[in-house]
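Bear in mind that the values here come from a model prediction, so they are computed numbers and not experimental data.
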Amino acid sequence: MHAQTPDQKLNQLGIQLPQISEALGSYVDMVQVENLVFLSGRGPLKADGKYITGKVGQDLSTEEGYQAARLSAINQLAILEQAFGSLDKIKRIVKVNGYVNTADSFTEQSKVINGFSDLLLEVFGEQGRHARTSVGVFTLPQNMAVEVEMKD
């Protein structure tokens, strides 16, 4: 039996990648340098055009933060799919930097960003295993719960 491709795994998980509009600021969503791709930070934008917002550990639980990070991963994968036509062309996820909008005493940032990492592992298998940083921050643009950047 052949291993499933990332596109097949997304389908199996019931995940349909959204259409992503262009970056709203003075930057681009993605820069490719030879075989490496760098993705700008992306937050948990829902289908209704609104972000999951609030401070994890105050307004949101760790699990809600996890789900926000997972949605951020879906949005990042959508950028890759739009750029390359298929996630099957992605050979490896290299690095993830996760920023969590947190209450002062919150210390479970790594559990929140696991929502992002776990989805990459589900979709890419071992090629989704990556180096990672997860930090708590005082605030994020538009009060997003999380923002995550990725290199592959």
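Under the side-chain hydrogen bond (donor to acceptor under 3.5 Å, both in side chains) criterion, R92 pairs with no residue, sequence neighbours left out. For the salt bridge (Lys or Arg N to Asp or Glu O under 4.0 Å) test, no residue two or more places apart in sequence or in another chain qualifies with K95. Looking at residues two or more places apart in sequence or on another chain, you find a side-chain hydrogen bond (donor to acceptor under 3.5 Å, both in side chains) between D118 and Y66. Taking the salt bridge (Lys or Arg N to Asp or Glu O under 4.0 Å) definition, one finds that E81 meets it with nothing, sequence neighbours left out. Remark: E64 engages no residue in a salt bridge (Lys or Arg N to Asp or Glu O under 4.0 Å) (not counting sequence neighbours). V31 meets the side-chain contact (heavy atoms from CB on, under 4.5 Å) test with V28, V33; sequence neighbours excluded. Residues satisfying the side-chain hydrogen bond (donor to acceptor under 3.5 Å, both in side chains) test with Q67, not counting sequence neighbours, are E63. Evaluation of the side-chain hydrogen bond (donor to acceptor under 3.5 Å, both in side chains) rule for N114 yields R132 as partners, not counting sequence neighbours.
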Working for side chain to side chain contact (heavy atoms under 4.5 Å, CB included), residues H130 and V94: CA-CA 5 Å; H130 51 272; V94 177; 6.0 Å; no
From CA spacing to verdict: side chain to side chain contact (heavy atoms under 4.5 Å, CB included), T102, V112: CA-CA 10 Å; T102 60; V112 170; over 6 Å; no
Derivation of the side chain to side chain contact (heavy atoms under 4.5 Å, CB included) call for L120 and L77: CA-CA 9 Å; L120 295 180; L77 295 181; 3.9 Å; yes
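Atom NZ of K111 is surrounded by 12 or fewer heavy atoms from other residues, nucleotides or ligands within 6.0 Å. At most 12 non-hydrogen atoms from other residues, nucleotides or ligands lie less than 6.0 angstrom from CG of N11.
Side-chain contact between T133 and I113 is absent, with no heavy-atom pair separated by less than 4.5 Å. Side-chain contact between P6 and I90 is absent, with no heavy-atom pair separated by less than 4.5 Å. Within the 4.5 Å cutoff, no side-chain heavy atoms of R129 are placed close to those of F124. By the 4.5 Å heavy-atom criterion applied to side chains, M30 and F84 are counted as neighbours. Annotation: side chain of E122 is in contact with side chain of L13 (closest heavy-atom distance under 4.5 Å). Counting only heavy atoms from C-beta outward, the side chains of I20 and L45 never approach each other to under 4.5 Å.
Between the S72 side chain and the A68 main chain, a donor and an acceptor come within less than 3.5 Å of each other. Of the possible donor and acceptor atoms, one in the side chain of D88 sits under 3.5 Å from a partner among the backbone N and O of D7.
Between S110 and S134, the shortest heavy-atom distance links the atoms CA-OG, 3.4 Å. The two residues L60 and T53 come nearest to each other via the heavy atoms CD1-O, 3.4 Å.
Both V96 and I15 are part of a single hydrophobic cluster, where members link through side-chain heavy atoms under 4.5 Å apart. Put simply, L119 and Y51 are part of two different groups of oily side chains (I, L, V, M, F, W, Y) that touch within less than 4.5 Å, one to the next.
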Counting only pairs under 3.5 Å, give me each side-chain donor-acceptor contact of residues 135-150, with atom names and distances, residues two or more places apart or in other chains.
| from | atom 1 | to | atom 2 | distance (Å) |
| --- | --- | --- | --- | --- |
| N143 | OD1 | N101 | ND2 | 3.0 |
| E149 | OE1 | Y99 | OH | 3.3 |
| E149 | OE2 | N97 | ND2 | 3.4 |
| E149 | OE2 | K151 | NZ | 3.2 |

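Rounding to the nearest 0.5 angstrom, the gap separating the CD1 atom in I93 from the CZ atom in F116 is 7.5 Å. With rounding to the nearest 0.5 Å, the separation of CD1 in I74 from CG in L10 is 8.0 Å. Annotation: the span from Q127 atom CD to L121 atom CG amounts to 10.5 Å, rounded to 0.5 Å.
Sorted by first then second residue, the side-chain hydrogen bond (donor to acceptor under 3.5 Å, both in side chains) pairs that include residues 28-47, not counting sequence neighbours, are D29-R42.
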